**Student:** 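Below are the structure tokens for one structure; questions will follow.
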Amino acid sequence: MNWDLLFQLLINGLIVGMLYGVVAMCFVLIYKSTQVVNFAQGEFLVLGAWVCWFFIMKMQLPFVLAFLFAMAFMTIFGIIVQMVVLRPLIGEPIISVIMVTIGLSIFMQALMNWMFGNSAERFPAVFGENTVSIGGLQVETAYLMSLVLSVLVMGLFYYFFKFSRYGLAMRATAYNQQVAQSLGISVKQVFSMAWAISALVSCIAGVVLGLVNAVSNSLAIIGIKVFPAVIVGGLDSIIGAVVGGVIIGVLENMAEFVDGQFLHIGNMYTVAPFYVLIIILMIRPYGLFGTKDIERI
Amino acid sequence: MSSVTQLKNQTPKNQNMEDTILSVNNIEVVFNDVILVLRGLNLNAKRGQITALLGANGAGKSTTLKAIAGLLGSEDGEITRGDVVYNGVDITRLPPEKIVRNGTFLVMEGRGIVQDMTVIENLRLGAFTQPQANVAGDIEKVFSYFPRLKERTGLAGYLSGGEQQMLAIGRALMARPKLIMMDEPSMGLSPLLVKEVFGIIKRLNKELGISVLLVEQNANMALQAADYGYIMENGKIVLDGTAEELMNNEDVKEFYLGGGGSERKSFKNIKSFKRRKRWL
């Protein structure tokens, strides 16, 4: 047994898992408040990363400024997508809405291939040191930033939904749209807000992932990987999304460890979460934290 | 039934528009483009008064309230004719959030409180349209009317039925409305609680000067609290009058208050029958 490697992978799993949790939260946010399963979540994330990269490399902006611009851009992008693509579909059957978000994901993939090419591009070095040593462990600075941002985003989510007036309005809308309307909440506004927040947070996750690896269109795979996380946690639970994300992140890395040390099958890293997805769907189809009356697709 | 039929189609007497807070003029509501639910309904609610809207199941009472509040859209219904005038402003096709901002608030049937939020969160939700500076003070004011709610710190879903109804009314107060519409506040409550809730409605009406439009199945309770009443059947108003007039009307007594007709006057037999049966 290689304990050091195990521990290292565990830490990696936790950090990556937190990031999955963040993306899963975006996914759940949209599902909960608008009943839309957003298959384009991964593309949102990649687009955010590309836009930030574009501002840094082509417009020669400093990283922080580029990051802020990218976040602003994605927020507006989210609102536009909601207004143009999804608002006309309110009240349509769920399968049509799913087809539209799949279409949106293909469209965005093609658009990004056309605009940014299909090769991976590195971000310029943002941090002075590549790794920092914490208690003898070498942790990549980008990973540390990822962890800090994830925790920050989760904290903001908690604050937003617990204390802010719009957060309460979104929860009420998720609970019952007619009730929300009777309280003077504009459901259209809430829908736009859900997509805006989701796109904004996806952008943060995308930029972080871009820093860790590199920006490429294949990053959109995160959008698929988030599925097991969301299903494990339950489609309509934000806490569940975070827990699910961490579970999947750790599981991935543990599968990698077990495979590398004992099994030597290869690629367990990618497949393991989906095995778990299948098992969870068999035992608890509504997830660990989900409510039972959720429709399965 | 004969005199009810005679009174059909009678529109409310011309009232002074100045003390009318809400007037519904000849509205027609259609669901799914084909189902006609309200067929030319007229009613007026006077400022500072409690107006009751009574009727049997399926008469269209709830639909009337939802039509006024602009909530038909999510049920595929729409107002196809007529208009709703609130405070001299036509609110017929305004989105619901504008109607709430204008000062009308609907307490929905089944209370519509958000079960997975706490009492305070529900109250804050009610103040969504209000400046946030008012919220803390308004919450205290609501607690002064409903001291019982103050002790409940858990989720609203765990409150008893009566407490949920009080929370729903309290949440309506948070929006500082001038007109509260209530859809069956007595639903699912014990007689004692019904009395308490109606007492509160009367107090709000007297102390805060809030006009109330009350939809009820419990005609007896509603007419005792109300100043003016309307009775609807099949999507139309068939009878209206002051609460006393309605309470003394033979038809109303028979159909809505119970025990009006001559042969059903004596309850004694029924009671003794029940009692005897219990002794056996």
Side-chain angles (χ1 to χ4, degrees), chain A residues 28-29 31-35 83 87-93 157-194 233-241 286-287 289-294, chain B residues 32 62 65-66 68-77 94-118 120-135 155-157 168 171-177 180-183:
Chain A
V28 169
L29 178 67
Y31 179 78
K32 217 173 135 94
S33 49
T34 71
Q35 270 80 49
M83 278 179 13
R87 194 166 286 174
L89 283 162
I90 291 177
E92 297 296 325
F157 257 65
Y158 177 79
Y159 177 83
F160 179 74
F161 283 108
K162 197 72 192 158
F163 299 108
S164 94
R165 160 172 173 240
Y166 284 99
L168 288 177
M170 286 183 86
R171 280 166 67 193
T173 310
Y175 175 74
N176 183 330
Q177 289 182 12
Q178 204 179 40
V179 166
Q181 282 185 318
S182 82
L183 297 169
I185 295 162
S186 160
V187 171
K188 277 183 190 167
Q189 212 182 357
V190 165
F191 281 13
S192 296
M193 209 164 13
L235 252 180
D236 63 348
S237 164
I238 288 193
I239 298 167
Y286 37 87
F289 296 86
T291 40
K292 283 189 191 182
D293 58 343
I294 292 177
Chain B
N32 293 325
S62 298
L65 292 194
K66 282 180 185 163
I68 296 168
L71 294 177
L72 293 175
S74 54
E75 295 177 0
D76 254 334
L94 286 186
E97 64 268 16
K98 290 236 170 78
I99 295 175
V100 173
R101 275 172 207 278
N102 271 337
T104 316
F105 199 98
L106 170 64
V107 179
M108 297 222 293
E109 191 174 6
R111 299 144 202 150
I113 61 162
V114 183
Q115 311 257 345
D116 51 11
M117 284 191 191
T118 63
I120 298 269
E121 282 172 339
N122 264 289
L123 290 177
R124 288 182 50 206
L125 210 49
F128 182 76
T129 51
Q130 296 299 306
Q132 294 305 290
N134 295 344
V135 174
L155 295 183
R171 192 176 63 177
L173 290 181
M174 294 297 293
R176 297 192 170 185
I180 294 188
M181 300 189 282
M182 295 203 201
D183 200 348

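Sequence lines set the chain letters: A, B, ... in the order given, protein chains first and strands last, and positions in each chain run from 1. Since we're looking at a predicted model, the values are computed, not measured.
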**Student:** After noting the C-alpha distance and the side-chain angles of Met83(A) and Phe191(A), does the key distance pass the side chain to side chain contact (heavy atoms under 4.5 Å, CB included) rule?
**Tutor:** CA-CA 9 Å; Met83(A) 278 179 13; Phe191(A) 281 13; over 6 Å; no
**Student:** Is Gln115(B) close to chain A through its backbone or its side chain, or both, or neither, when contacts mean heavy atoms under 4.5 Å?
**Tutor:** both
**Student:** Quick one: what part of Met117(B) sits under 4.5 Å from any heavy atom of chain A, side chain, backbone, both or neither?
**Tutor:**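 Contact with chain A is through both the backbone and side chain of Met117(B).
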**Student:** So for Phe105(B), is it side chain, backbone, both, or neither that comes closer than 4.5 Å to the heavy atoms of chain A?
**Tutor:**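 Side chain of Phe105(B) only, per the 4.5 Å heavy-atom cut-off to chain A.
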**Student:** Is Arg171(A) positioned over the aromatic face of Phe161(A), cation under 6.0 angstrom from the ring centre and no more than 45 degrees off axis?
**Tutor:** no
**Student:** Going by heavy atoms in the side chains, are Lys188(A) and Val190(A) under 4.5 Å from each other?
**Tutor:** no
**Student:** What part of Ile120(B) gets closer than 4.5 Å to chain A, counting heavy atoms only: side chain, backbone, both or neither?
**Tutor:**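 Neither part.
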**Student:** Which atoms of Gln177(A) come close to chain B, meaning under 4.5 Å heavy atom to heavy atom: side chain ones, backbone ones, both, or neither?
**Tutor:** neither
**Student:** With a 4.5 angstrom heavy-atom cut-off, is it the side chain or the backbone of Asp116(B) that approaches chain A, or both, or neither?
**Tutor:**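 It is both, since atoms from each part get that close.
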**Student:** Listed by chain and number, what are the salt bridge (Lys or Arg N to Asp or Glu O under 4.0 Å) partners of Lys162(A), not counting sequence neighbours?
**Tutor:** Glu121(B)
**Student:** Evaluate side chain to side chain contact (heavy atoms under 4.5 Å, CB included) for Ser182(A) paired with Val100(B), printing each intermediate quantity in order.
**Tutor:** CA-CA 7 Å; Ser182(A) 82; Val100(B) 173; over 6 Å; no
**Student:** Could you give the distance from CD (Gln130(B)) to CZ (Arg124(B)), rounded to the nearest 0.5 Å?
**Tutor:**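 One finds 14.0 Å between CD of Gln130(B) and CZ of Arg124(B).
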**Student:** Report which part of Lys66(B) has an atom under 4.5 Å of a heavy atom belonging to chain A: side chain, backbone, both, or neither.
**Tutor:** side chain
